[in-house]
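Given the structure is predicted, the values throughout are model-derived calculations rather than measurements. Start at 1 with the first residue, then count along the sequence.
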Amino acid sequence: MAKNKVAQLLNEQVNKEFYSAYLYLDFANFYSSKGLKGYQNWFNIQAQEERDHALLFMQYMQQNDMEVTLEAIDKPSCKLSDIIDPLKESLKHEKYVTSLIHAIYAEAQKVNDYRCMQFLDWFVKEQAEEEDNARTNIQKAELFGSDPKSLYMLDQEMQARVYAAPSLVL
């Protein structure tokens, strides 16, 4: 029964990761409407990463004989008006995802599911990076974003980001 709880949490995480991708596509769309193609690019890549995270969770579950059930993805409900809003919402969301990963890890630990804990180790590290990136983006926007020339340079920096597939091997 306890291992079923781990499987349930993993399945919920699949759907949360797909929601994260959907949320970041919404942020990319917001930046597109503001003419900030670099920020749009950054969040499009974030969406790709989150989709890949969902697929990694699915693959892990399938390889460990757990049923995957895909649920409906909620519509993002963030109210975005200022260019810093998606950045702040991103940090808030990444902290939430970190708490979800930690909850799965704690449940796996309770039932001595070492394989699951090892799988989740990569995500624990990844979440630290995600939160750091989000904080850095906020700091840069707060320091330089009010100046049009600096905002242009920040947008160019975001445009330079390229997608790198996750390096987790199952």
Ring centres under 6.0 angstrom apart (Phe43, Phe30)
no
Does any part of the side chain of Tyr105, heavy atoms only, come nearer than 4.5 Å to the side chain of Asp113, both counted from C-beta?
no
If you look only at pairs with a residue in residues 118-136, which of them pass as a salt bridge (Lys or Arg N to Asp or Glu O under 4.0 Å), with sequence neighbours excluded?
Lys125-Glu129, Glu131-Arg135
Is any side-chain heavy atom of Leu9 less than 4.5 Å from a side-chain heavy atom of Lys5?
yes
Residue pair Val14 / Leu10, side-chain heavy-atom distance below 4.5 Å:
no
Does some side-chain heavy atom of His102 sit less than 4.5 Å from a side-chain heavy atom of Thr98?
yes
Do Glu157 and Met153 pass the side chain to side chain contact (heavy atoms under 4.5 Å, CB included) test, and can you show the C-alpha distance, the side-chain angles, and the key distance before you say yes or no?
CA-CA 6 Å; Glu157 180 181 315; Met153 291 178 70; over 6 Å; no
pair Gln46-Glu94: side-chain heavy atoms closer than 4.5 Å
yes
Are Met61 and Phe18 connected in the hydrophobic side-chain network, where two residues link if heavy atoms are under 4.5 Å apart?
yes
Are Tyr19 and Tyr22, when compared by the centres of their aromatic rings, separated by less than 6.0 Å?
no
Side-chain (Arg51) to main-chain (Ala21) donor-acceptor, under 3.5 angstrom
no
pair Lys140-Thr136: side-chain heavy atoms closer than 4.5 Å
yes
Which atom names give the shortest non-hydrogen contact between Ile101 and Gln127, and what distance separates them?
CG1-CG, 4.2 Å
Applying salt bridge (Lys or Arg N to Asp or Glu O under 4.0 Å) to Arg115 and not counting sequence neighbours gives none
Quick check for you: to the nearest 0.5 Å, what is the distance between Leu23 atom CG and Ile73 atom CD1?
11.5 Å
Give the minimum heavy-atom separation between Pro166 and Leu56, together with the two atoms involved.
CB-CD1, 3.9 Å
Do side-chain atoms of Asp82 reach the backbone of Ile84 as a donor and acceptor pair under 3.5 angstrom?
yes
Which distance, rounded to the nearest 0.5 Å, do you find between the OG of Ser90 and the CD1 of Ile138?
7.0 Å
Do Leu80 and Leu36 share a hydrophobic cluster, counting only Ile, Leu, Val, Met, Phe, Trp and Tyr and linking them when any side-chain heavy atoms are less than 4.5 Å apart?
yes
Test item: Ile83 and Leu151 side chains (from C-beta on) under 4.5 Å apart, heavy atoms
yes
Evaluation steps, side chain to side chain contact (heavy atoms under 4.5 Å, CB included), between Asn15 and Asn11
CA-CA 7 Å; Asn15 291 288; Asn11 196 82; 3.6 Å; yes
Aromatic ring proximity Phe27/Tyr39, centre distance under 6.0 Å
no
Criterion side chain to side chain contact (heavy atoms under 4.5 Å, CB included) on Gln62 and Val68, from CA distance to verdict:
CA-CA 7 Å; Gln62 292 160 348; Val68 177; 4.2 Å; yes
Phe119 side, atom CZ; Ile104 side, atom CD1 - distance, nearest 0.5 Å:
8.5 Å
Value for CD (Gln159) from CG (Asp155), rounded to nearest 0.5 Å, stands at 7.0 Å
Would you say that Val97 contacts Lys16 through its side chain, given a criterion of any heavy-atom pair below 4.5 Å between the two side chains?
no
In terms of hydrophobic clustering (I, L, V, M, F, W, Y; side-chain heavy atoms under 4.5 Å; direct or indirect links), are Phe57 and Tyr114 co-clustered?
yes
Which atom of Met66 lies closest to which atom of Ala7, heavy atoms considered:
SD-CB, 3.7 Å
Spell out, yes or no, whether Phe144 and Tyr152 are grouped together once hydrophobic residues are joined by side-chain heavy atoms under 4.5 Å, including indirect joins.
no
Shortest non-hydrogen separation from Asp85 to Lys79 and the atoms involved
OD2-O, 4.0 Å
Kindly work out whether a path of hydrophobic side-chain contacts (I/L/V/M/F/W/Y, heavy atoms less than 4.5 Å apart) joins Val111 to Tyr60.
yes
Distance in Å, Glu89 CD paired with Asp26 CG, rounded so as to fall on 0.5 Å steps
10.5 Å
Enclosure of Lys88 NZ (heavy-atom neighbours >12, cutoff 6.0 Å):
no
From Lys92 atom NZ to Lys95 atom NZ, the distance as rounded to the nearest 0.5 Å
11.0 Å
I'd like to know if the side chain of Asn41 and the backbone of Met158 have a donor-acceptor N/O pair within less than 3.5 Å.
yes
Is there a donor-acceptor contact under 3.5 Å from the side chain of Asn137 to the main chain of Leu87?
no
